[in-house]
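Lettering follows sequence order; numbering is per chain, from 1.
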Amino acid sequence: MEIDKETLIYTVIGSIPKGQVASYGQVAAIAGYPQNARLVGRLLKLMPNDSTIPWHRVVNSQGKISFPIGSNKYQEQRQKLLLEGIAFKNERVNMRVYQWQ
DNA sequence: TTCTTGACGCGCA
DNA sequence: ATGCGCGCCAAGA
């Protein structure tokens, strides 16, 4: 039986360790779908609210949150990351330090 | 079916 | 550092 992209990507995101982050592109690549960063973002958007997957640990390749600065979602994600000990430097996390794998 | 969008990424000026 | 263009690809109009 074959695992679909959706399930695989959710699994990858779910395996990101607490206190670390991964970019959309990395998640896609690890799941076996390089060049599909947009797919990752789309799935997170369609993800049910009652899901327990750590969606907040996914930021873009620049270490920035992919929501407009100041928006509720932006604040929510930033807060979750801060609570895990991830520090922000000018609205962005240091990928060299917090990047998973 | 074609065109536009978008929680993206990379190279280049 | 900062735009800008282009590649990607599934979903919606």
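- For the pair A:Arg38 and A:Leu46, both in contact range of DNA chain C, the more 5′-proximal nearest nucleotide belongs to A:Arg38.
- Looking at the side chain of A:Asn60, the nearest of the listed nucleotides B:dC8, C:dC8, B:dG9 is B:dG9.
- Going from the P atom of B:dA7 to that of C:dT2 covers 22 Å, rounded to whole Å.
- Atom CZ of A:Arg42 is separated from atom P of B:dG6 by 12 Å (rounded to the nearest Å).
- Summarising the geometry, the separation between CD on A:Gln75 and P on B:dA7 is reported as 18 Å, rounded to the nearest angstrom.
- Close to B:dA7, at under 4.0 Å from its OP1 or OP2, lies no side-chain N or O of A:Ser66.
- To the nearest angstrom, C1' of C:dA10 lies 11 Å from CD1 of A:Ile9.
- Whole-Å rounding puts the A:Tyr24 OH to C:dG7 C1' distance at 19 Å.
- Checking B:dA7, C:dA10, C:dC8 against every side-chain atom of A:Gln35, the shortest atom distance belongs to C:dC8.
- Phosphate proximity of B:dC8 to A:Ser23: absent, as no side-chain N or O sits under 4.0 Å from OP1 or OP2.
- Cation-pi geometry between A:Lys18 and A:Trp100 is not met: the NZ or CZ atom fails to fall both under 6.0 Å from the ring centre and inside 45° of the normal.
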Does the side-chain contact (heavy atoms from CB on, under 4.5 Å) test come out yes or no for A:Ile16 and A:Val21, once each step is laid out? CA-CA 7 Å; A:Ile16 300 173; A:Val21 299; 5.7 Å; no

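- Shown here, C:dC8 forms no base pair; nothing in the strands shown gives a Watson-Crick or G-U wobble contact with both key distances under 3.5 Å.
- The distance from atom NZ of A:Lys64 to atom C1' of C:dA1 is 11 Å, rounded to the nearest whole Å.
- Nearest approach of A:Phe88 to A:Leu81, heavy atoms of both residues: CZ-CD1, 3.6 Å.
- The CG-P distance, from A:Leu43 to B:dG6, rounds to 17 Å in whole Å.
- Looking at heavy atoms from C-beta onward, A:Val59 lies in side-chain contact with A:Gln77 at the 4.5 angstrom threshold.
- Rounded to a whole Å, the CD1 atom of A:Ile13 is 15 Å from the P atom of B:dA7.
- The listed nucleotides are C:dA10, B:dC8, B:dA7; the one nearest the side chain of A:Leu39 is C:dA10.
- No side-chain heavy atom of A:Tyr74 sits under 4.5 Å from any side-chain heavy atom of A:Gln79.
- Spacing between atom CD of A:Gln62 and atom C1' of C:dC4 amounts to 14 Å, rounded to whole angstrom units.
- In the set B:dA7, C:dC8, C:dA10, the nucleotide with an atom closest to the side chain of A:Lys45 is B:dA7.
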